[in-house]
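Following: one structure in structure tokens, then a few remarks.
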Amino acid sequence: MTHAIWLLKTEPDAFSIQHLENAADQTAGWDGVRNYQARNRLRDDIQEGDRVLIYHSSCATPAIVGEALVTRAAYPDPTQFLPEHPAYDARSSRETPRWFQIDVRFIRHYPNPVTLKRLKQDAKFADMELIVRPRLSVQRVTDRQYQLIQTLCQPMDVSA
DNA sequence: GCCAACGTTGGC
DNA sequence: GCCAACGTTGGC
């Protein structure tokens, strides 16, 4: 069985793919997710070994900028227990944690980030979750979408 | 359980 | 900074 492919959104001002690359072991916890549907996918569906596309949102050029690997499946997000933390949740407890995170490790930057604008121009991506449900922060990517993205992220985009 | 009010996201 | 979309909260 092959591993699934996901797309994780992040605001690069807060945490970018460069932060991930520069982290110890090039690995970081994907914490701070506070949306139930995204939480459910983190907790129930994403497995160690799955591949992740990193998407930068709320920035000058929203785009898929590279890839990472899931190195640890879901475990309680510790930031929910820290009263000083912006992502603190008083309704959560260590006995019944509400929010979960995974760990991901940097794989690579795309030589040519695949911009949202580019994806919107191509009817092949019309049913991609990024287009259909843009606010969901943990998205599924199909094998076909992934293969198309592999061609678009090359330095010389001759497919346009 | 409904739904209005409110808060957040994120492209532009 | 605006605003549409949409998720969450809380009174009833």
Side-chain angles (χ1 to χ4, degrees), chain A residues 4-23 28-46 50-68 70 74-104 106-142 144-146 148-154 157 159-160:
Chain A
I5 304 157
W6 305 92
L7 181 148
L8 298 178
K9 293 192 304 178
T10 184
E11 297 188 16
D13 288 348
F15 187 85
S16 71
I17 193 168
Q18 285 80 16
H19 288 107
L20 181 61
E21 184 183 15
N22 295 337
W30 204 265
D31 60 18
V33 172
R34 294 294 182 270
N35 166 281
Y36 289 104
Q37 190 156 18
R39 186 279 310 270
N40 291 347
R41 290 181 170 187
L42 285 178
R43 186 190 59 192
D44 305 334
D45 298 333
I46 299 184
D50 284 357
R51 184 158 299 241
V52 160
L53 308 186
I54 304 292
Y55 176 83
H56 283 174
S57 68
S58 291
C59 56
T61 307
I64 303 168
V65 295
E67 295 185 12
V70 177
Y75 60 100
D77 176 350
T79 65
Q80 71 194 299
F81 306 126
L82 307 174
E84 310 302 319
H85 196 281
Y88 174 66
D89 188 340
R91 302 165 301 182
S92 197
S93 71
R94 292 182 187 275
E95 293 72 29
T96 57
R98 184 174 296 228
W99 306 111
F100 290 79
Q101 70 175 73
I102 58 173
D103 287 351
V104 300
F106 174 81
I107 293 179
R108 67 175 180 129
H109 296 279
Y110 283 163
N112 185 30
V114 181
T115 65
L116 178 62
K117 183 181 176 189
R118 179 70 183 82
L119 294 169
K120 283 183 169 177
Q121 286 171 352
D122 193 332
K124 294 191 187 73
F125 294 105
D127 60 351
M128 192 174 182
E129 280 200 329
L130 190 65
I131 308 301
V132 178
R133 309 196 45 208
R135 291 186 50 171
L136 185 58
S137 64
V138 178
Q139 306 190 350
R140 299 177 186 278
V141 177
T142 67
R144 180 158 177 272
Q145 288 161 356
Y146 181 73
L148 289 167
I149 289 163
Q150 294 317 294
T151 67
L152 295 178
C153 71
Q154 299 308 312
D157 184 5
S159 64

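Quick caveat: nothing in here was measured; it's all calculated off a predicted structure. Every chain is numbered from 1 and lettered A, B, ... according to where its sequence line falls, protein lines coming before strand lines.
Between the side chain of A:Arg94 and the backbone N or O of A:Phe81 there is no donor-acceptor pair closer than 3.5 Å. With A:Gln37 contributing its side chain and A:Leu136 its backbone, the two residues share no donor-acceptor pair below 3.5 Å.
A salt bridge does not link A:Arg39 to A:Asp77: none of the charged side-chain nitrogens sits closer than 4.0 Å to a carboxylate oxygen.
Remark: A:Thr115 pairs with no residue by the side-chain hydrogen bond (donor to acceptor under 3.5 Å, both in side chains) rule, at least two apart or across chains. Evaluation of the ring pair (Phe, Tyr, Trp, His ring centres under 6.0 Å) rule for A:His19 yields A:Phe15 as partners, not counting sequence neighbours. Remark: A:Arg144 pairs with no residue by the side-chain hydrogen bond (donor to acceptor under 3.5 Å, both in side chains) rule, at least two apart or across chains.
Residue contacts for A:Lys120: at a heavy-atom cut-off of 4.0 Å it reaches the sugar-phosphate backbone alone, with no base atom in range.
One can place CG of A:Asp89 at 13 Å from C1' of C:dT9, the figure rounded to the nearest angstrom. In this structure, A:Glu11 places its CD atom 15 Å from C1' of B:dC12, rounding to the nearest Å.
For DNA chain C, the residues of residues 30-37 of chain A within the heavy-atom distance limit of 4.0 Å (strictly under) are A:Asn35, A:Tyr36, sorted by number.
A distance of 10.5 Å separates CH2 in A:Trp6 from CD in A:Gln139, rounded to the nearest 0.5 Å.
Closest of all the heavy-atom pairs between A:Val138 and A:Glu129 is O-OE1, 4.4 Å. What you find for A:Gln101 and A:Leu42 is that their closest heavy atoms are CA-CD1, 4.5 Å. Scanning both residues, A:Ala4 and A:Asp50, for their nearest heavy atoms gives N-OD1, 3.1 Å.
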Nucleotide pairing, DNA chain B (Watson-Crick or G-U, distances under 3.5 Å), in dot-bracket with [ ] and |: ||||||||||||
Listed pairs, N/O of protein and of nucleotides 3-6 of chain C, under 3.5 Å:
unit_1 : atom_1 : unit_2   : atom_2 : d
C:dA5  : N3     : A:Arg135 : NH1    : 2.7
C:dC6  : O4'    : A:Arg135 : NH1    : 3.1
C:dC6  : O2     : A:Arg135 : NH1    : 2.7

